[in-house]
Structure formats: C-alpha cells, structure tokens
Asker: 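Below you will find the structure I want to go over with you.
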Amino acid sequence: MHRKWGPAAGLVASLAVSLAWADDTPAPPTPQGWNGKGEIGYVMARGNTDSDTGNAKVDLANVDGDWKNSLHLEGLYATSAGITSAERWAALFQSNYQISPRAFGFGALRYQDDEFSGFQYQASVTTGVGYHFITTVSDQLTGQVGAGYRQLRPELIIKDPDGEVTQRIPEASSGNAVGTAEVDYAHVFNASTKLTEKLAVESGPGNTSLEDDVALVVNMSKTLALSVGYSFKENTEPPVGLKKVDTLVTLNLVYSFKQ
C-alpha cells in the first residue's frame, strides 16, 4: 500500500519543504472578474505517412470576493494513415475559497475520456487545502493537497493488424478513495516570455495517475501568444497490453482575455 501512494507522498513532502522557504511578502490582491485563454494547434503531414493532429484547450476563471471558480477543458485528436490514433477529452472544474491572503480551501470535479488509455472514463471528486508559497512579480508557486473519491471503468481494446480499433469491451467499473497533490509554478523571464509548469498526482489503491504539463509562452501582442508545450501522462496500472506513459509536444496559438 505504501508503494501505491509513493508519488503523491513525495509531492506532499515537496510542498512541506516549499512552505519552509516561502517568501514572507504579503500576497497581492487577486484581480476580480473574469479572465481566460484559449489555445489551439494543428499539424498536417503528407508524404510517406499521412497524419493529422489537432489539440485545443480552454481555461476560464471568475473571481468574486473570496471565491474563485475555474474551468479547464481540453481535447486531442489524431489520425495516421487514415486510422484514428489518439482521441482524448478532459474537463476540470475547481472552486476555491480564500481563507487568508495565502491559504485557500477547494473542491474539484475532474473527468477524462481517453479512447486509447484503456479506460472508458476516469472521474473524481476531491476537496482539500492550498497555499500560495511564492507571489513575486517574476515567480509564482502554488500547491494544494486533498482527498476524495474516484470512479474508473477500464475497457478491453481490440485492434486489427493495421492498428485500427475494431472492438471495445467495457469492464466493470470500480470506485475508491484517493489522495491528490498539485503544484502550479510560473516564472516570468521578461515582459514577453513566461515558463509554466503544472504537476498533478491522483493516487489510490490499484492505480496512480500523474500529469506534468510544461509550456514556454512568448507574447506577440497583449492578447496573442505562441506556446510550446510538453505533456507527460502516466497511469501506473493500465489495462493489459497498454503503455503506462503518454507524451505530447505541442505548438499552439494562444488568445487571452481579461474582463
């Protein structure tokens, strides 16, 4: 059991270490109202191999007094030689309540439908606490830990010799308690360039999922930017015959807005 919770336990420990050296300057007031961004990318290859890959993300947030509600949506679709090779849709809603200038409580709902992960769906509801460790102009570091309930439904994927899926056989769904931990970091190099990283772990009996998203964002104007991203996703216990790790490199056009 200790082994199953290893990644989450390590992340929780890193948050504790971060708290020890967190800067003691007052956290700046959070801007009120709506803000958000949308990004989209597409790659087409023709020649020896015909392939198409598209991805899109939407982030929306609304701050009203001590409450902050945020929504994240993302999708990925890819074909190779006329065969669908990737199809993933995910959604995350989180509501934060500011307890103090740095500390907050949260509740979150997460849902993922990945046609090639071996799970028909993965869904969870969690609650916990978070803390803004660093809030300087150039660096921001936020961490949160929580617990909740997760529901999984694995499926057996059958492919033909060309790699096309011919049959999906759903298996029995299962639910269990989970622990979660997340670190969100941003570093501003200058007025036009920023590096972001978001690491999230969800761990319970039988399976631990880890997602790490890194992006370098270069502004072209007040609202438009280019983003180069690297995404790493891992399930420690995927269904038989499927890989534990998925990686994705993206080049996206980003549109941002504020109220």
Side-chain angles (χ1 to χ4, degrees), residues 4-5 7-8 11 38-41 52-60 69-80 83-95 106-128 144-160 163-182 184 198-213 229 231-248 250:
K4 299 291 186 183
W5 286 75
L11 191 51
E39 56 184 281
I40 187 168
D52 297 90
T53 303
N55 76 96
K57 298 179 182 179
V58 176
D59 287 281
L60 297 172
N69 297 310
S70 57
L71 175 67
H72 172 80
L73 302 172
E74 66 175 77
L76 169 69
Y77 184 80
T79 63
S80 179
I83 297 174
T84 301
S85 56
E87 186 175 351
R88 180 169 67 235
W89 313 97
L92 169 65
F93 174 79
Q94 180 164 317
S95 185
F106 74 88
L109 299 172
R110 184 188 302 268
Y111 180 85
Q112 180 174 289
D113 180 353
D114 188 337
E115 295 292 319
F116 292 87
S117 68
F119 294 96
Q120 192 177 69
Y121 65 83
Q122 302 177 66
S124 64
V125 53
T126 57
T127 185
Q144 64 184 50
V145 293
Y149 180 81
R150 177 178 63 191
Q151 189 82 15
L152 303 174
R153 185 167 191 179
E155 65 178 2
L156 179 62
I157 299 176
I158 299 175
K159 299 181 179 181
D160 64 18
E164 185 171 10
V165 176
T166 59
Q167 190 175 6
R168 298 179 182 273
I169 304 175
E171 299 180 356
S173 61
S174 63
N176 49 61
V178 291
T180 65
E182 186 174 299
D184 197 344
K198 188 172 186 178
L199 174 65
V201 175
E202 188 176 88
S203 183
N207 188 52
T208 294
S209 63
L210 181 148
E211 296 186 17
D212 189 14
D213 293 297
S231 174
F232 175 95
K233 300 179 185 293
E234 179 181 8
N235 270 305
T236 59
E237 300 293 337
V240 177
L242 295 176
K243 297 180 179 179
K244 294 182 178 181
V245 174
D246 284 315
T247 61
L248 178 68
T250 57

Asker: Hey, does Arg150 have a side-chain heavy atom less than 4.5 Å from the side chain of Glu202?
Answerer: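 Sidechains of Arg150 and Glu202: in contact.
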
Asker: To the nearest 0.5 Å, tell me how far Leu109 CG sits from Ser124 OG.
Answerer: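 Reported to 0.5 Å precision, the distance equals 8.0 Å.
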
Asker: Indicate the atoms forming the closest heavy-atom contact of Ala181 with Val145, along with that distance.
Answerer: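 That closest heavy-atom pairing would be CB-CG1, 4.2 Å.
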
Asker: Indicate yes or no: at least one non-hydrogen side-chain atom of Asp114 is less than 4.5 angstrom from one of Tyr121.
Answerer: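 Asp114 does not reach Tyr121 side chain to side chain.
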
Asker: With Glu155, which residues qualify under side chain to side chain donor-acceptor pair (under 3.5 Å), at least two apart?
Answerer: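 Applying side chain to side chain donor-acceptor pair (under 3.5 Å) to Glu155 gives Arg168.
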
Asker: Just to verify, what does Thr84 make a side chain to side chain donor-acceptor pair (under 3.5 Å) with, not counting sequence neighbours?
Answerer: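 Residues passing side chain to side chain donor-acceptor pair (under 3.5 Å) with Thr84: Tyr77.
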
Asker: Test of understanding: with side chain to side chain contact (heavy atoms under 4.5 Å, CB included), list the residues that count as partners of Glu234, not counting sequence neighbours.
Answerer: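 Testing Glu234 for side chain to side chain contact (heavy atoms under 4.5 Å, CB included), a comparison that skips the adjacent residues, returns Phe232, Thr236, Lys244, Val245.
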
Asker: Where do Gln94 and Gln144 land on the side chain to side chain donor-acceptor pair (under 3.5 Å) test, with the steps shown first?
Answerer: CA-CA 12 Å; Gln94 180 164 317; Gln144 64 184 50; 3.1 Å; yes

Asker: State the CG-OG1 distance between Leu76 and Thr53, to the nearest 0.5 angstrom.
Answerer: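 It comes to 7.0 Å.
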
Asker: How would you list, by chain and number, every residue that makes a side chain to side chain contact (heavy atoms under 4.5 Å, CB included) with Asn235, sequence neighbours excluded?
Answerer: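 With sequence neighbours excluded, Asn235 shows a side chain to side chain contact (heavy atoms under 4.5 Å, CB included) to Phe119, Gln122, Asn207, Ser209, given in chain and number order.
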
Asker: Which pair of non-hydrogen atoms, one from Pro205 and one from Ala177, has the smallest distance, and what is that distance?
Answerer: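 Result for this residue pair: CD-O, 3.5 Å.
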
Asker: To the nearest 0.5 Å, what is the distance between CG (Leu73) and NZ (Lys57)?
Answerer: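 Answer rounded to 0.5 Å: 12.0 Å.
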
Asker: Run the side-chain contact (heavy atoms from CB on, under 4.5 Å) test on Thr208 and Val201 for me, step by step, so that the C-alpha distance in whole Å, both residues' side-chain angles and the decisive distance to 0.1 Å come before the verdict.
Answerer: CA-CA 7 Å; Thr208 294; Val201 175; 4.0 Å; yes

Asker: Mind checking what makes salt bridge (Lys or Arg N to Asp or Glu O under 4.0 Å) contact with Lys198, not counting sequence neighbours?
Answerer: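 Per chain and number, Lys198 pairs via salt bridge (Lys or Arg N to Asp or Glu O under 4.0 Å) with Glu182.
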
Asker: Please report the C-alpha distance between Leu71 and Leu92 in whole Å, then the side-chain angles of each, then the deciding distance to 0.1 Å, and finally whether the side-chain contact (heavy atoms from CB on, under 4.5 Å) criterion is met.
Answerer: CA-CA 6 Å; Leu71 175 67; Leu92 169 65; over 6 Å; no

Asker: Between Ala172 and Pro154, which heavy-atom pair has the shortest distance, and what is it?
Answerer: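 The answer is O-CD, 3.5 Å.
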
Asker: Calculate, to the nearest 0.5 Å, the distance between atoms CG and CG belonging to Leu199 and Leu210 respectively.
Answerer: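 One finds 5.0 Å between CG of Leu199 and CG of Leu210.
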
Asker: What residues form a salt bridge (Lys or Arg N to Asp or Glu O under 4.0 Å) with Glu211, not counting sequence neighbours?
Answerer: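 Glu211 satisfies salt bridge (Lys or Arg N to Asp or Glu O under 4.0 Å) with Lys233 only.
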
Asker: Tell me every residue that passes side chain to side chain contact (heavy atoms under 4.5 Å, CB included) with Thr127, counting only those two or more places apart in sequence or in another chain.
Answerer: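 For Thr127, no residue satisfies side chain to side chain contact (heavy atoms under 4.5 Å, CB included) once neighbours in sequence are set aside.
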
Asker: What heavy-atom pair brings Ser80 and Ser85 nearest, and what distance separates the two atoms?
Answerer: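 Shortest heavy-atom contact: N-OG, 4.1 Å.
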
Asker: Does Ile83 have any side chain to side chain contact (heavy atoms under 4.5 Å, CB included) partners at least two apart in sequence or in another chain, and if so, which?
Answerer: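 Result, side chain to side chain contact (heavy atoms under 4.5 Å, CB included) vs Ile83: Asp162, Glu164.
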
Asker: Do the side chains of Glu171 and Gln120 get nearer than 4.5 Å, heavy atoms only?
Answerer: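 Not in contact.
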
Asker: List the steps and the verdict of side chain to side chain donor-acceptor pair (under 3.5 Å) for Ser95 and Asn69.
Answerer: CA-CA 4 Å; Ser95 185; Asn69 297 310; 2.7 Å; yes

Asker: Got a sec, which residues hit salt bridge (Lys or Arg N to Asp or Glu O under 4.0 Å) with Asp246, two or more places apart in sequence or on another chain?
Answerer: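 Asp246 satisfies salt bridge (Lys or Arg N to Asp or Glu O under 4.0 Å) with no other residue.
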
Asker: Sequence neighbours left out, what passes side chain to side chain donor-acceptor pair (under 3.5 Å) with Gln151? Give chain and number order.
Answerer: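 Result, side chain to side chain donor-acceptor pair (under 3.5 Å) vs Gln151: Tyr149, Ser173.
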
Asker: Quick one: salt bridge (Lys or Arg N to Asp or Glu O under 4.0 Å) partners of Asp113, sequence neighbours excluded?
Answerer: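 Scan of Asp113 (salt bridge (Lys or Arg N to Asp or Glu O under 4.0 Å), adjacent residues dropped) gives none.
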
Asker: Given 3.5 Å as the limit, does a donor-acceptor pair link the side chain of Thr126 with the main chain of Gly146, or not?
Answerer: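 No, because the side chain of Thr126 does not come within donor-acceptor range (under 3.5 Å) of the backbone of Gly146.
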
Asker: Can you name the side chain to side chain donor-acceptor pair (under 3.5 Å) partners of Ser231, sequence neighbours left out?
Answerer: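 Result, side chain to side chain donor-acceptor pair (under 3.5 Å) vs Ser231: Asp213.
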
